[in-house]
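Below you'll find the structure, written out as structure tokens, and then a few comments.
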Amino acid sequence: KSFFKSDKTRVITGFVLMLIALFLLSACISFIGTHEADDSFFGTRIFDIDASQQIANHLGKWGMYFSFVLLKNWFGLATFGYLFLLILYAIKLITGKSLLPLIKTTGIILFVSIWVILVLATILPAEYDWCSGMLALQTVEKIENGIGSIGNILVLLFYALIFVAVCFGGNIFKAKETESIEEEVEEDGDGEDEAHKHGLRDEGAFSPRFNHLYKPRLYAGHDVGNH
């Protein structure tokens, strides 16, 4: 096996991703309670922060830096969804097994996270800008500048409808189709039962057990006709 395809490399890569994900997750969780104390460092280059300066984030200046980048600058609360995906992929590399279907889970988290941060950017005041991230705020600003606030709301509703249609539309149609098939089967079954009942009556009337009841009459009529 080549280096990149070996099990050892795969496991090592998985552990590295897991450590990165856990570090960033811890830094982002710490950010929620410490970002106000560290807000004075926002926009400052990491190497310009002096070691003597007090950092509130529990993961130090690197934890503060990456949490500010991920939450405040980029993705907002969607960061937690992306870190969850990173953990899932790390587990897949380490164990060779998936806790969840990776492709489907990735699509759902990406779709939902984008919608959530756009909604948060629309409804939350400026002091909670870290919840949506600057990317979502800039996106909403551009949408509202183009089509207004009502247009932005319509875009969000349309986005949500697309998500529902993509994720659940097929299941809804399948459920309706299954119900119609079951109804048809029940109707066919009722018709077969009725036909079976009538068939049993007809068959019973001419069953060999009852032939002696009918044959004399037939013969009697035949004899009378002959006579």
Side-chain angles (χ1 to χ4, degrees), residues 13-14 16-39 41-44 46 55-93 98-147 149 151-169:
T13 303
V16 171
L17 290 178
M18 181 66 75
L19 288 174
I20 293 173
L22 292 177
F23 173 83
L24 295 176
L25 180 63
S26 301
C28 290
I29 292 174
S30 179
F31 171 92
I32 296 174
T34 62
H35 70 93
E36 292 181 355
D38 290 337
D39 198 58
F41 297 106
F42 181 67
T44 305
I46 185 69
I55 303 296
N57 193 293
H58 299 310
L59 276 295
K61 68 177 183 178
W62 285 103
M64 179 199 69
Y65 173 78
F66 284 112
S67 62
F68 265 97
V69 170
L70 291 173
L71 286 167
K72 196 160 186 175
N73 276 355
W74 291 356
F75 310 121
L77 293 179
T79 299
F80 292 101
Y82 303 151
L83 292 177
F84 175 69
L85 285 178
L86 189 59
I87 292 173
L88 288 182
Y89 280 99
I91 293 174
K92 172 66 175 178
L93 290 173
S98 301
L99 297 180
L100 295 170
L102 291 180
I103 296 177
K104 183 177 180 180
T105 304
T106 300
I108 291 175
I109 287 179
L110 289 175
F111 216 102
V112 172
S113 63
I114 293 173
W115 185 81
V116 167
I117 59 176
L118 289 176
V119 171
L120 293 177
T122 302
I123 64 176
L124 291 181
E127 56 264 30
Y128 296 103
D129 56 356
W130 60 270
C131 292
S132 59
M134 294 301 296
L135 290 177
L137 286 171
Q138 293 171 0
T139 302
V140 169
E141 183 180 0
K142 290 180 180 179
I143 294 174
E144 291 185 347
N145 288 338
I147 57 178
S149 300
N152 178 55
I153 294 173
L154 292 176
V155 168
L156 293 175
L157 290 175
F158 182 70
Y159 190 98
L161 290 175
I162 291 176
F163 173 75
V164 172
V166 171
C167 292
F168 306 106

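Within a 6.0 Å radius of CD1 in I103, no more than 12 heavy atoms belonging to other residues, nucleotides or ligands are found. Around atom CD of E36, no more than 12 heavy atoms belonging to other residues, nucleotides or ligands sit under 6.0 Å away.
With a 4.5 Å cut-off on side-chain heavy atoms, L70 and C28 count as touching. The closest side-chain heavy-atom distance from L22 to M18 is below 4.5 Å.
Contact record, A90 with L17: CB-CB, 4.0 Å, taken as the closest heavy-atom pair. Closest approach of G14 and L93 over heavy atoms only: CA-CB, 3.7 Å. Scanning both residues, L86 and A21, for their nearest heavy atoms gives CD2-CB, 3.6 Å. Of all heavy-atom pairs spanning A136 and L118, the tightest one is O-CD2, 4.1 Å. Pairing each heavy atom of I117 with each of S132, the nearest pair is O-CB, 3.3 Å.
With hydrogens and angles ignored, the 3.5 Å screen pairs no side-chain donor or acceptor of S30 with any backbone N or O of S26. Between the side chain of N152 and the main chain of V140, no donor-acceptor pair closer than 3.5 Å is present.
Note that CG of L24 and OG of S67 are 9.0 Å apart. Values are rounded to the nearest 0.5 Å. Separating the CD1 atom in I114 from the CG atom in L156 is a distance of 12.0 Å, to the nearest 0.5 Å. A distance of 9.0 Å separates CG in L100 from CD1 in I91, rounded to the nearest 0.5 Å. A distance of 10.5 Å separates CD1 in I87 from CG in L99, rounded to the nearest 0.5 Å. For the atom pair CD1 (I143) and CD1 (I153), the distance works out to 11.5 Å, reported to the nearest 0.5 Å. Taken from CG in L120 to CG in L77, the straight-line distance is 6.0 Å, to the nearest 0.5 Å.
Taking the side chain to side chain contact (heavy atoms under 4.5 Å, CB included) definition, one finds that I29 meets it with L25, F80, sequence neighbours left out.
Listed by first and then second residue, the side-chain hydrogen bond (donor to acceptor under 3.5 Å, both in side chains) pairs involving residues 68-91 are D39-K72, Y82-S113, Y89-T106 (not counting sequence neighbours).
Aromatic rings from W130 and F31 are positioned such that their centres are separated by under 6.0 Å.
Ring-plane geometry between F111 and Y159 is classed as tilted, the angle between the planes lying from 30 to 60 degrees on a 0 to 90 degree scale.
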